[in-house]
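Quick notes on the structure that follows.
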Amino acid sequence: MNLYGHAGQWLMLDCGITFNSPLCPEAQAHLPGQHKHDVVAADPKFISQRKEDLAGIVITHAHEDHLGALPYLWRRFKCPVYTTKYTAEILRRKLARGGLGDNIPIIEIDSGQRIDIGPFNVEWLPITHSLPEAHAFVIRTEAGNVFHTADWKIDLAPVTDNPFNAQPFKLLSKQNILAMVCDSTNATRAGYSVSEQACYQGLKQAVEGATGRVVVGCFSSNIARLIILARIAKETGRYFSLLGRSLQNTVGAAKATGHWPDDLPVLDAFNTGYLLPEEVLAVATGSQGEPRAALNQLAKDTYRDVSLDEGDWVVFSSIVIPGNEKPIENLLKAFKVRKIHTLTSEDSPLPIHASGHPCQEELKQMYNWVRPDIAVPTHGEAQHLKANAEMASQSHVPQSLTGLNGDLFKLAPEVKLVKQAVKAGRVPLQQN
């Protein structure tokens with residue numbers, strides 16, 4: 001949850017929940033109270049006390065850590081939500097389950113569009129990530145312009161949407177970007193991130209070499225990975241099915257918005273149990289060891305639609321999110337006891353998982369293209385923010401601001417900056 005304040009009003013970018021597992025006490029040790037938490041969101045008290053000044057909420061893309069809290073928190077804000085078609089479809093399905101239905105005004109925006117939300121002029125810039133319609137944003141005000149990256153990477157073969165196009169970001173260097181608020185998730189990793197398309201060969205090799213059923217665990221919102229797996233199923237003579245409601249919801253939204261290829265059929269999960277073992281390629285929820293997810297039920301042999309037998313394979317096309325090490329270790333042990341083979345991304349000779357976030361060379365490229373006056377690293381722990389700030393420094397960004405969740409950074413003294421902005425050309429560009 002990111003908040004931008006200007007001229008007495010506020011703009012919220014994203015309203016997400018954490019990836020969290022009730023099985024992992026370490027991940028919850030810092031939380032208040034004695035209860036275990038399934039869902040953790042940002043504390044909205046600051047903006048809830050100023051809700052009459054909240055001009056709108058912009059959702060950058062359809063991952064849970066960017067929109068998952070809206071069904072819980074929107075009643076405290078009661079303002080319009082702006083996002084693109086696919087993200088709106090995901091959000092509406094979540095809201096319907098939460099009983100809000102059509103109560104929330106969702107305004108659909110086209111990629112590349114530029115609109116006024118209160119005193120903020122907001123431009124949607126398409127960027128590559130691991131799902132359709134991910135966007136970065138330029139937020140223009142009379143006090144200065146901010147470039148907000150949201151989640152991103154440089155992917156020239158992203159499977160969904162168009163390849164990364166550097167030109168719009170290079171043009172920002174001429175638009176007097178006061179601050180760049182940037183994803184830090186992979187800032188400690190050298191080099192470049194792996195393209196999503198690179199997972200195809202590793203996953204296909206794993207499926208081709210497997211006897212028996214193959215079940216793949218991956219993040220349910222990763223449409224690109226699901227398309228790759230559906231294509232592999234078709235090429236290897238297996239049926240493709242989805243085990244878990246969130247996966248079925250994701251693919252349903254992709255079909256409804258034209259992001260799922262028409263030539264890739266999806267078998268109803270109910271029918272999976274009637275297939276021969278060598279005909280099954282299923283994707284299951286629960287790659288982080290979540291206790292109620294499909295993978296955990298498969299490990300306990302309690303999943304209603306299909307059972308796994310000795311010699312079947314479970315492939316983890318995912319990473320271990322910090323804090324979930326123990327639940328995943330327990331899950332792997334449960335499969336091993338039943339003599340079900342497992343393959344993790346750490347053990348695979350070829351890539352079977354690709355991160356959706358930029359590594360150090362990508363960060364430096366973006367800083368050099370945009371040339372902001374200030375870097376504001378976000379999305380990550382302290383070491384990630386520090387590493388991002390170092391990349392900004394190496395890219396000749398004069399100043400970086402890093403802090404703790406809840407910190408409020410004053411990017412410029414408003415009255416003084418407005419006078420300087422006219423001289424510097426930082427007044428808003430032509431309004432749409």
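No donor-acceptor pair under 3.5 Å is formed between the side chain of Trp74 and the backbone N or O of Ala69. No donor-acceptor pair under 3.5 Å is formed between the side chain of Glu196 and the backbone N or O of Ser130. Here the side chain of Ser355 pairs a donor or acceptor atom with the backbone of His357 at under 3.5 angstrom. Between the side chain of Thr84 and the main chain of Ile109, no donor-acceptor pair closer than 3.5 Å is present. Looking only at distances, a side-chain donor or acceptor of Asp312 sits under 3.5 Å from a matching main-chain atom of Asp309. Between the Arg114 side chain and the Asn121 main chain, no donor and acceptor come within less than 3.5 Å of each other. Panel note: side chain Asn388, backbone Ala187; no donor-acceptor pair is recorded below 3.5 Å. Of the possible polar contacts, one joining the Gln297 side chain to the Arg292 backbone as a donor-acceptor pair under 3.5 Å is found. A donor-acceptor pair is defined here as one N or O able to donate and one able to accept, closer than 3.5 Å; such a pair exists between the side chain of Thr285 and the backbone of Ala294. Although no hydrogens or angles enter the test, the distance criterion places no donor-acceptor pair under 3.5 Å between the side chain of Ser393 and the main chain of Ala389.
Atom CD1 of Ile374 sits about 13.0 Å away from atom CE of Met180, to the nearest 0.5 Å. Atoms CG and OG1, on Asn296 and Thr302 in that order, are 7.5 Å from each other to the nearest 0.5 Å. The CG atom of Leu125 sits 6.5 Å away from atom CZ of Phe147, with the distance rounded to the nearest 0.5 Å. Leu385 contributes atom CG, which lies 11.0 Å from atom OG1 of Thr188 (distance to the nearest 0.5 angstrom). Between the SG atom in Cys218 and the CD1 atom in Ile319 there is a gap of 12.5 Å [rounded to 0.5 Å].
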* Between Ile340 and Leu298, does a side-chain contact (heavy atoms from CB on, under 4.5 Å) hold up when you go through it step by step? -> CA-CA 11 Å; Ile340 295 168; Leu298 288 168; over 6 Å; no
* To do: Under the side-chain contact (heavy atoms from CB on, under 4.5 Å) rule, what do Asp151 and Asp65 come out as? Steps first, then yes or no, please.
  => CA-CA 10 Å; Asp151 288 358; Asp65 57 329; 4.3 Å; yes
* Working for side-chain contact (heavy atoms from CB on, under 4.5 Å), residues Leu343 and His341 -> CA-CA 7 Å; Leu343 177 67; His341 304 298; over 6 Å; no
* To do: Given salt bridge (charged side-chain N to carboxylate O under 4.0 Å, His left out), test Glu133 with Lys85 step by step and report yes or no.
  => CA-CA 8 Å; Glu133 299 180 13; Lys85 185 177 181 180; over 6 Å; no
* Decide side-chain contact (heavy atoms from CB on, under 4.5 Å) for Val376 and Leu411; before the verdict, give the C-alpha distance in whole Å, the side-chain angles of both, and the deciding distance to 0.1 Å. => CA-CA 10 Å; Val376 185; Leu411 298 178; 4.2 Å; yes
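More than 12 heavy atoms of other residues, nucleotides or ligands lie within 6.0 Å of CZ in Arg50, so this atom counts as buried by the packing criterion. For CZ of Phe46, the number of neighbouring non-hydrogen atoms (other residues, nucleotides, ligands) closer than 6.0 Å is greater than 12. The environment of Asn405 atom CG is sparse: at most 12 non-hydrogen atoms of other residues, nucleotides or ligands sit within 6.0 angstrom. More than 12 heavy atoms of other residues, nucleotides or ligands lie within 6.0 Å of CZ in Arg338, so this atom counts as buried by the packing criterion.
Remark: aromatic rings of His129 and His63 are close, center separation under 6.0 Å. Checked against a 6.0 Å centroid threshold, the rings of Tyr4 and Trp10 do not count as neighbours.
Under 3.5 Å, the side chains of Thr128 and Asp155 contain no donor-acceptor pair of N or O atoms. A donor-acceptor contact closer than 3.5 angstrom links the side chains of Thr60 and Asp14. A donor-acceptor contact under 3.5 angstrom links the side chains of Arg225 and His353, judged on distance only. Using modelled atom types and a 3.5 Å distance limit, the side chains of His135 and Ser111 yield a donor-acceptor pair.
Taking the six-membered ring for Trp and thresholds of 30 and 60 degrees, His61 and His66 have ring planes inclined between 30 and 60 degrees apart.
Inter-residue side-chain proximity for Val251 and Leu247 is flagged as unmet; no heavy-atom pair is nearer than 4.5 Å. Using a 4.5 Å heavy-atom threshold, the side chains of Leu73 and Cys15 count as touching. Residues Ile232 and Tyr200 form a side-chain contact, since some pair of their non-hydrogen atoms from C-beta on lies under 4.5 Å apart. Counting heavy atoms from C-beta on, the side chains of Lys94 and Leu70 never come closer than 4.5 Å. Using a 4.5 Å heavy-atom cutoff, the side chains of Thr160 and Tyr86 are not in contact. Two residues are said to be in side-chain contact when any heavy atoms from C-beta on lie closer than 4.5 Å; Met1 and Met12 meet this criterion.
Look at Lys153 and Glu362 and you find no salt bridge, because none of the NZ, NE, NH1 or NH2 atoms lies under 4.0 Å from a carboxylate O. Salt-bridge check for Lys386 with Glu390: failed, with every basic side-chain N at 4.0 Å or more from each acidic carboxylate O.
Every salt bridge (charged side-chain N to carboxylate O under 4.0 Å, His left out) that Lys333 has, sequence neighbours left out, goes to Glu329. Among residues two or more places apart in sequence or in another chain, the salt bridge (charged side-chain N to carboxylate O under 4.0 Å, His left out) test is passed with Glu361 by Lys364.
Of the residues Ser345, Ser220, Ser318, the one that meets the side-chain contact (heavy atoms from CB on, under 4.5 Å) test with Ser287 is Ser318.
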For residues 270-283, run the donor-acceptor check on the side chains, cut-off 3.5 Å, and write out each pair with its distance to 0.1 Å, sequence neighbours left out.
from: Thr272; atom 1: OG1; to: Ser241; atom 2: OG; distance (Å): 3.0
from: Thr272; atom 1: OG1; to: Ala269; atom 2: O; distance (Å): 3.1
from: Glu279; atom 1: OE1; to: Leu276; atom 2: N; distance (Å): 3.0

